[in-house]
Q: 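Structure below; questions to follow.
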Amino acid sequence: VYASTKSEMDFLASLQTDETLELDFWTEPSRKRSTDIMVSPADFVKLQNILESAGLDYEVAISNVQKLIDDEQPSLSSIVKRAPPSGKGPKTTTTPTPVLCVD
């Protein structure tokens with residue numbers, strides 16, 4: 001989201017405390033750079049309408065954060081540890097721990 005005036009920046013700052021929207025501000029509102037906001041799929045259209053009503057320009061940088069995370073995660077087969085070929089030692093498995101969960 002691009003804020004070009006102080007009032008637009010203040011408006012974005014007010015969205016940070018809006019409890020009716022599920023938003024995660026990745027950067028603080030600023031006039032010097034874009035303000036990055038992650039929005040839940042359920043609130044996406046609502047946020048679009050709010051930004052358009054306020055006259056704020058925006059662009060979607062990542063349309064599906066969860067897919068991006070999933071694509072970056074190592075495959076399960078590379079995480080599973082097996083007993084050494086000699087058969088000595090117990091077989092162990094590890095379960096991947098999610099680093100970040102996004103709706």
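Position 1 is the first residue of the sequence; numbering continues from there.
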Q: With side-chain contact (heavy atoms from CB on, under 4.5 Å) as the criterion, how do Leu47 and Tyr58 come out once you've worked through the C-alpha distance, each side chain's angles and the decisive distance to 0.1 Å?
A: CA-CA 11 Å; Leu47 179 62; Tyr58 66 90; over 6 Å; no

Q: Any side-chain heavy-atom pair from Leu51 and Asp57 closer than 4.5 angstrom?
A: no

Q: What I'd like to find out is whether the side chain of Trp26 reaches to under 4.5 Å of the side chain of Thr35, using heavy atoms alone.
A: no

Q: Any side-chain heavy atom of Ile37 within less than 4.5 Å of one from Asp24?
A: no

Q: Any non-hydrogen side-chain atom of Val39 less than 4.5 Å from a side-chain atom of Leu21?
A: no

Q: Looking at Asp36, is its backbone amide N or carbonyl O close enough to the side chain of Thr27 to form a donor-acceptor pair, meaning the two atoms are under 3.5 Å apart?
A: yes

Q: May I ask you to test the Asp43-Thr20 pair for a side-chain heavy-atom distance under 4.5 Å?
A: no

Q: Is there a side-chain contact between Leu12 and Met9, using heavy atoms and a 4.5 Å cut-off?
A: no

Q: For a quick test of reading the model, state the closest non-hydrogen atom pair linking Arg33 to Glu28 and the distance between them.
A: NH1-O, 3.1 Å

Q: Is it true that Glu8 and Tyr2 share a donor-acceptor pair across their side chains at a distance under 3.5 Å?
A: no

Q: Quick check: do Leu23 and Asp18 have side-chain heavy atoms less than 4.5 Å from each other?
A: no

Q: Taking the side chain as every heavy atom from C-beta outward, state whether Leu68 and Asp70 have any pair of such atoms under 4.5 Å apart.
A: no

Q: To the nearest 0.5 Å, how far apart are CD in Glu22 and CE in Met38?
A: 8.0 Å

